[in-house]
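These notes are about the structure you will find just below.
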Number of protein chains: 2
Amino acid sequence: MSRTVKKPEERRADIVRAARRLFQAGDYEQTTMQDVMNSLGIAKGTIYYYFSSKEELLEAVIEDMVEESTQHMQSLVEASHGNALEKLRTLITAGNIADENDEILEQLHRPGNAGMHTRLLAAALQKQAPLYARLVQQGCEEGLFHTDTPLETSEFILAGVQFLTDQGIHAWTPETLMRRSQALPTLIENLLKAQPGSFQFLSPDTPEERETK
Amino acid sequence: MSRTVKKPEERRADIVRAARRLFQAGDYEQTTMQDVMNSLGIAKGTIYYYFSSKEELLEAVIEDMVEESTQHMQSLVEASHGNALEKLRTLITAGNIADENDEILEQLHRPGNAGMHTRLLAAALQKQAPLYARLVQQGCEEGLFHTDTPLETSEFILAGVQFLTDQGIHAWTPETLMRRSQALPTLIENLLKAQPGSFQFLSPDTPEERETK
DNA sequence: GTCTATAGTAGGATAGAC
DNA sequence: GTCTATCCTACTATAGAC
């Protein structure tokens, strides 16, 4: 067999891209290293030369995805107008890693991918929280919010939302999800000390006419 | 080899107990199904008759642990005195699943186990949140806290704390952990609308003399 | 240093005899 | 329900070509 020598970065990127495609198309656990090799026409030794385990390859794929997603969100923020609250709304409604472009979620929401999913969330949180924090900071300056710890508050909100509403972590029942979603706006408003109602847009069925029991 | 026939529940319990012991003693990943079989003197087919994967066996072990831990916390609450805040303090400082008894969590605190780890946290959260919620409710009646959604608020707090401070999910740096821990009391106080300082006991170095910059 | 090829080990998982 | 035999795949080892 003939040899194709590539620059290390290029080869590495090839492998990550191929693996990402396969992981997304199928199931991480069911995708074999052999599959990845075959789809690139390279030898086993090559892949293990760059990634010392399947797990390490997964890590690189995750990093790739998070990087792409974060850049997209970054550009969304820069393109958005209005006060901090309006920008946050843009970011939240449009720029979720889940909604973005891929069917990744479908794939991640399978038992075999729980680990990948969690790590993706953690990596995404770490990269995205600063984005939110900047908007929270801006909101404080505008008098909309009040907090001394914009970053930590952002992290806390993201963590809570992701952990409690993401189907990839636990098979929450629809009732549980509904219950949590409805409580969310108030929880966020409390954390940011924002006007009641500021985050009402988050609620799924905008219960305008509901009465407190 | 002679065959020993046992009642299904008994056999199952045997396997879970043996696996738990081995997982705790060594490393989940390094413990082989062979090890579990050997320690019981049974065949591989038998273990797979009860658990269709190693992962499922781990799940059972974890459920075992969560159940035990939750009961322990329950009894702690019942034995504690004072107002809701004092009871909460007892619960938080004494009754963490992590501190309790096992090193199995140490094992879960590795990248490869992120999925399992998260599921443990989710399972623990679902079982323990009601415990906290009851205390929050009590605190509301005592005028210490103010919330219409004690359960959701408890879930949110537990999720945030677990996700952001648990090493099993992401290898957070010590600085990051410190930063988050210090912000935590205020975040919780905001969520519960509690007196500032109520949860200061959570901070690792109780910074009594720190000034806000 | 980068890549191919191949043979082999270990351990998770399954089929089918009993 | 239990056991035995076998399979599948992540991973290692090695030998060698560019």
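So that the names make sense, note that chain A is the first sequence line, chain B the second, and so on, each numbered from 1. Computed from a predicted model, the values in this text were never measured in an experiment.
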B/E56 CD to C/dT14 C1', in whole Å, measures 15 Å

Can you label the angle between the B/F163 ring and the A/F163 ring as parallel, tilted or perpendicular, going by 30° and 60°?
-> perpendicular

Would you say A/R11 reaches C/dC3's phosphate, i.e. side-chain N/O to OP1/OP2 under 4.0 Å?
-> yes

d(NZ, A/K54; P, D/dC11) in whole Å | 8 Å

Atom pair distance, as rounded to whole Å: CD in A/E55 and P in D/dT9 | 19 Å

Do A/F199 and A/L85 touch side chain to side chain, with heavy atoms closer than 4.5 Å?
-> yes

Give a yes/no on whether any side-chain N or O of B/T32 is located under 4.0 angstrom from OP1 or OP2 of C/dG11.
-> no

Is it the case that B/R89 places NZ or CZ above or below the six-membered ring of B/F201, under 6.0 angstrom from the centre and within 45 degrees of the axis?
-> yes

C/dA15 C1' sits how many Å from B/Y48 OH, rounded?
-> 14 Å

Would you please confirm or rule out a distance under 4.0 Å between OP1 or OP2 of C/dT2 and any side-chain N or O of A/Y49?
-> yes

Give one of base, sugar-phosphate or nothing for A/Y50, where a contact means two heavy atoms less than 4.0 Å apart.
-> sugar-phosphate

Please state how far atom NZ in A/K44 lies from atom P in D/dT9, giving the value in whole angstrom units.
-> 10 Å

Take atom CG of B/L57 and atom P of C/dA13, then tell me their distance rounded to the nearest Å.
-> 10 Å

For A/E29 and C/dG12, give me the distance from atom CD to atom C1', rounded to whole Å.
-> 11 Å

Atom-pair distance (CD1 on B/I47; P on D/dG1), nearest Å = 16 Å

Sub-3.5 Å donor-acceptor pair from the side chain of B/T173 to the main-chain atoms of B/T176, do we have one?
-> yes

